[in-house]
Amino acid sequence: MSISKTYNPRETEDRWYQYWLKKKFFRSVPDEREPYTIVIPPPNVTGVLHMGHMLNNTIQDVLIRRARMQGKNACWVPGTDHASIATEAKVVAMLKEQGIEKKDLSREKFMEYAWEWKEKYGGIILKQLETLGASCDWDRTRFTMEEDLSDAVIDTFIHLYKKGWIYRGVRMVNWDPKGKTAVSDEEVIRKEVNQKLYYIKYYLAPGNETDQATSANKLNYLIIATTRPETIMADSAICINPNDERYQHLKGRSVYIPLIKREIPIIEDEYVDIEFGTGCLKVTPAHDLNDYELGLKHNLPVIDILNDDGTLNAEALILVGEDRFAARKKIALLLEESGHLERVDDYKSQIGFSERTDAVIEPKLSLQWFCRMDEMAKPALEYVLNGEVKLIPEKFINTYRHWMENVKDWCISRQLWWGQRIPAWYYQHEEPVIARTMEEAIEELISRSELRNSMSEVEKGVFRAQAAAEIRQDEDVVDTWFSSWLWPISVFDGFKDPDNKDINYYYPTNDLVTAPEILFFWVARMIMAGHEFRGKAPFKNVYLTGIVRDKIGRKMSKSLGNSPDPIDLIQKYGADGVRVGMLLCSPAGNDLMFDESYCEQGRNFANKVWNAFRLVKGWEIDQSLENSNSTAINWFDSRFNEALVQIENNYHQYRLSESLMEVYKLVWDDFCSWYLEMIKPAYQQPIDPETFSATLEFFERILKLLHPFMPFITEELWHDEIFGQRTEEDCCIVAAYPVSGAINEDLLKDFGAIKQVVSEIRNIRSSKQISPKEALTLHVKVGSVINYNDYNDVISKLANISEFTRVTDKVSGASSFLVGTDEFFIPMTSNIDVEAERERITKEVEYLKGFLKSVDAKLSNERFIQNAKPEIIENERKKKADAEAKILILEENLQSL
RNA sequence: GGGAGAUUAGCUCAGCUGGUUCAGAGCAUCUGCCUUACCAGCAGAGGGUCACUGGUUCGAACCCAGUAUCUCCCACCA
């Protein structure tokens, strides 16, 4: 049976994934083992896999697979987020395509459509995770809007309301005119945008005589600079700085708003920056946060001229019904025509955009629900500062602290339907009742009335009936993050059943892997919720991944079209190849400049492993043969253990890409290029049984190290008959992860020299154009403690040496080289180029002398001797001795030439 | 405007407590090889004033100060 020359991922991946599922290897239930838990950052239920997910989930899978192999009870909880704005927007768009407008639908009907949509597209992203190899416990898949999780949201709301941490009030909020909902501060993305700054004339209204006199030579208008001319109809005042020399004559006067001729007062406030623009500010309380506050201070009317969808309403008097941006252009035109527009400048400024819909955010005054953050922020900050929750990389601690110390109340109501409806009930002029159900709300109303006047049972009955007919539930839903922040608790039913086996076992979870962009949105709030509802932070480590960018540093995004489809990549390079490619270019905590060539490298690596296997697989065993490779075997064993220490080290610091690179080099260089080459029998020769079984042993260990990174190929090879008959449960995915054993330092050190010897010989071959097939003679004049007898076979094989002898004198007519203080000679059949040789040696001597000089300078420097640590000085002395010995040998060589 | 981080080979990055693990790795490049595991490969080689300028020190990629460039986060200047 012949094996393909290249590894073909498509033949193996799905097969093994199905096998793992069948064997329930991903399944976790509480037992006596130590738990290792990760909850997935739930992707949007309607989303599709992008490169960010890919990176994120690869990392999680590596961590979870390693933990599983280490014998921990590994549990990776998957699920999706209902993503209210995003999903609702998609559903609305989908309906529109079918000619259905949301406003024509009842809430119930709309929800029906939405659920239908969710059922249809909801599973896609999770299916895609499977192709990546994600070993999630699918039996635990949760959805943030399923019944239990929704109940948790409502209970949480009630709990916080009772604590006084949730309140309702009129505030300036970030309004998304596209989504027609309020959004939180964190959902507003600021971007710098090229704009126009319009300089608009506001003519003065007639004032009193004396003012007229003093300002005779002054203009009869003032100029306002604004980026938003369409809001002039909402102006309530003009504000100047009282200290502004230029405008003393304006005090107490008023102006007319252009076009609509409404008279508004000129007020004074030091808030106004004299330097900026014209030093005059139009105050528009309804459409700017600062102006709103200024308005409160000066008791100005609030004139809201915008509809929820961003069009002008009747209050605007003109351009009613026009969109705000269209209105801006038109009004500029009108102003110009009427002589009110002085000039227009280009201007750059920061504008807020909705994270979800990308619409320009409109500051809007509205009645919303808020959640107080200050009390919850304190302990949440403490967890991170005292290290109970570690942020990786640590640089995020500062950012986290800054946010927590300046946290503002969280606007949690959204004017949407897709989500958990706010459990507030309104009845006549009563204060809203916060209750789980209408029935409970009515009972609450009854007990309120009880306080005022007792009710008979009959009266209560009448009241119930009446209230049931009139009571109305709040129309809004809560922010999606108001459910996501409960995720690490709610996925284990920690609200429904706070003392259940799962939550007690899995909570707090171990690692959270997520993007730094949602540190505040999500991570910080999860810590708050964890403390508030469980008294413990929800995880111990937060690994913040980088952002996936393209080769030239742009963030990968759908709109730029610079993001490859991860599924295509998997098709092309195999899941293992893509996973490796992903990790190769993701330094811990930094953004990664992704390029497809990394996947190629990953694929090549898989192929290398595959071919190493093919080699071993092809060997015949001759039971009568003695083991002639014990040196090589001992060396690789030590080398493996040495590498494993490094690998573990990197894992502990979450430096996965370095762990991977260490494994990569161990496999490619040490195992394939050195070990296998050392033990490889000559063509069509059999191998001895001891070497063979040692090699299989190593191969298994390597597969285990590789498995978290490359689950599919490792599982495929694991089951080859070469390893003997395996039981159905004996799989790489659950094989015991290697533990580092003894390391023979001396052997490793010797091998360093041996490798050098081999390299030097290969070098001589290549520079003298001697074919690798031509066997050479090698002599060594030993100056070190290395016993070359032990390495006779190894050197002979790797460098194709037919005769390797020790000599006590220099060999003439030979190419020579030095390894440490050991001299090697290769007798040459052709004449040695004496000049070239002399030049080479002279160069080396020169270098060594220079080196020696610098060492001598150090050693003769008294201050160095006084200040440096003894071991450093000792080291310098050794360097000196080494250099001197080498120089001596080389100079002798020069002589003998 | 405030804060954080970065700058090391063509590219992506390591470089822990200043001292031969101190200038490294992988990829790419160049030069040889179709050496029957692998051309998705093998064997070699080249490549860097460690952003710049000063300082501290016996000694600096590493510590300090300043400069430049870049990235990110936060912030209501019309």
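Between Lys364(A) and Glu362(A) there is no salt bridge, since no side-chain N of the basic residue sits under 4.0 Å from a carboxylate O of the acidic one. Taking a cutoff of 4.0 Å between a charged side-chain nitrogen and a carboxylate oxygen, Lys858(A) and Glu876(A) qualify as a salt bridge. A salt bridge links Arg525(A) to Glu186(A): at least one charged side-chain nitrogen sits closer than 4.0 Å to a carboxylate oxygen.
OP1 and OP2 of A37(B) both lie 4.0 Å or more from every side-chain N or O belonging to Arg614(A). Regarding contacts with the backbone of G44(B), a side-chain N or O of Arg762(A) is found under 4.0 angstrom from either OP1 or OP2. Under 4.0 angstrom from either OP1 or OP2 of A40(B) there lies no side-chain N or O belonging to Lys5(A). Proximity of Lys608(A) to the phosphate of C42(B): a side-chain N or O atom is located under 4.0 Å from OP1 or OP2.
The interatomic distance linking Asn8(A) (CG) with C38(B) (P) rounds to 17 Å, in whole Å. Between Leu798(A) atom CG and G44(B) atom P the separation is 10 Å, expressed in whole Å. Between Phe605(A) atom CZ and G41(B) atom P the separation is 12 Å, expressed in whole Å. Here the P atom of nucleotide C72(B) and the CD1 atom of Ile397(A) are 22 Å apart, to the nearest Å. The interatomic distance linking Lys395(A) (NZ) with U71(B) (P) rounds to 14 Å, in whole Å. As rounded to whole Å, 11 Å separates atom C1' of C16(B) from atom CD of Glu658(A). Between Asn398(A) atom CG and G3(B) atom C1' there is a gap of 8 Å when expressed in whole angstrom units. C73(B) atom P lies 10 Å from atom CZ of Phe520(A), rounded to whole Å.
Not a single salt bridge (Lys or Arg N to Asp or Glu O under 4.0 Å) links Asp288(A) to another residue, sequence neighbours left out. Contacts of Lys773(A) classified as side-chain contact (heavy atoms from CB on, under 4.5 Å), with partners at least two apart in sequence or in another chain: Ser771(A). Residues satisfying the side-chain contact (heavy atoms from CB on, under 4.5 Å) criterion with Tyr664(A), sequence neighbours excluded, are Gln601(A), Phe605(A), Met661(A), Trp668(A). Trp674(A) is linked by a ring pair (Phe, Tyr, Trp, His ring centres under 6.0 Å) to nothing, counting only residues two or more places apart in sequence or in another chain. Take Ser796(A) and apply the side chain to side chain donor-acceptor pair (under 3.5 Å) test, not counting sequence neighbours, and it matches no residue.
Other residues, nucleotides and ligands place more than 12 heavy atoms under 6.0 Å from the CD atom of Glu871(A).
Nucleotides C34(B) and G15(B) have their P atoms positioned 42 Å apart, rounded to a whole Å. Rounded to the nearest Å, the gap between the P atom of C62(B) and that of A6(B) is 13 Å. For the P atoms, the distance from A43(B) to U36(B) is 14 Å, rounded to whole Å. Separating the C1' atom of C13(B) from that of G32(B) is a span of 30 Å, rounded to the nearest Å. C58(B) sits 28 Å from A51(B) when the C1' atoms are compared, rounded to a whole Å. Nucleotides U7(B) and C52(B) have their C1' atoms positioned 11 Å apart, rounded to a whole Å. A gap of 26 Å separates the C1' atoms of U17(B) and G54(B), to the nearest Å. Here the separation of G46(B) from G41(B), taken at their P atoms, is 22 Å to the nearest Å.
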Short heteroatom pairs, N/O only, protein and nucleotides 21-23 of chain B, under 3.5 Å:
none

Collect all protein-nucleotide pairs involving nucleotides 75-78 of chain B in which both atoms are nitrogen or oxygen and the distance is under 3.5 Å.
from, atom 1, to, atom 2, distance (Å)
A75(B), N6, Gln350(A), OE1, 3.4
C76(B), O2', Asn290(A), ND2, 3.1
C76(B), N1, Asn290(A), OD1, 3.1
C76(B), O2, Asn290(A), OD1, 2.5
C76(B), O2, Asn290(A), ND2, 2.9
C76(B), N3, Asn290(A), OD1, 3.3
C77(B), N3, Asp273(A), OD2, 2.9
A78(B), OP2, Tyr347(A), OH, 2.7
A78(B), O2', Ala225(A), O, 3.2
A78(B), N6, Asp273(A), O, 2.6
A78(B), N6, Phe276(A), O, 3.1
A78(B), N1, Asp273(A), N, 3.3

What does the list of N/O pairs under 3.5 Å between the protein and nucleotides 26-28 of chain B look like, with a distance for each?
from, atom 1, to, atom 2, distance (Å)
G26(B), O2', Gln601(A), NE2, 2.5
C27(B), OP1, Tyr664(A), OH, 3.4

Close N/O contacts between protein and nucleotides 31-35 of chain B (under 3.5 Å):
none

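Put simply, CD1 on Ile754(A) and CE on Met678(A) are 10.0 Å apart, with the number rounded to the nearest 0.5 Å.
The side chain of Leu615(A) has A37(B) as its nearest neighbour among A37(B), U12(B), A40(B). Checked against A40(B), G44(B), G19(B), the side chain of Ser759(A) finds its nearest nucleotide in G44(B).
Between Lys858(A) and Asn867(A), the residue whose closest nucleotide on RNA chain B is further toward the 5' end is Lys858(A). Each of Asn763(A) and Ala868(A) lies near RNA chain B, and the nucleotide nearest Ala868(A) is the one positioned closer to the 5' end.
At a threshold of 4.5 Å between non-hydrogen side-chain atoms, the residues Ile722(A) and Phe613(A) count as touching. Here the side chains of Thr514(A) and Trp522(A) are in contact, with some heavy-atom distance below 4.5 Å. With contacts defined as side-chain heavy-atom distances shorter than 4.5 Å, the pair Val384(A)/Arg401(A) does not qualify.
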Please lay out, stage by stage, how Phe671(A) and Tyr675(A) fare under the test ring-ring contact (aromatic ring centres under 6.0 Å, His included).
CA-CA 5 Å; Phe671(A) 187 67; Tyr675(A) 175 78; 5.5 Å; yes
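Ring orientation note: the planes of Phe276(A) and Tyr347(A) are nearly perpendicular, at an angle over 60° on the 30°/60° scale.
When base pairs are accepted only as Watson-Crick or G-U wobble with both N-N or N-O distances under 3.5 Å, RNA chain B takes part in stems of 3 or more pairs at B:1-7 with B:68-74, B:10-13 with B:24-27, B:29-33 with B:41-45, B:51-55 with B:63-67.
Sorted by first and then second residue, the salt bridge (charged side-chain N to carboxylate O under 4.0 Å, His left out) pairs with a member in residues 749-765 of chain A read Asp670(A)-Lys755(A); sequence neighbours excluded. For residues 569-578 of chain A, the set of pairs meeting the salt bridge (charged side-chain N to carboxylate O under 4.0 Å, His left out) definition, not counting sequence neighbours, comprises Lys572(A)-Glu596(A).
Residue contacts shown for Glu394(A) are absent, as no nucleic acid heavy atom lies under 4.0 Å away.
The cationic group of Arg603(A) does not satisfy the cation-pi geometry with Tyr573(A), failing either the under 6.0 Å distance to the six-membered ring centre or the 45° limit from the ring axis.
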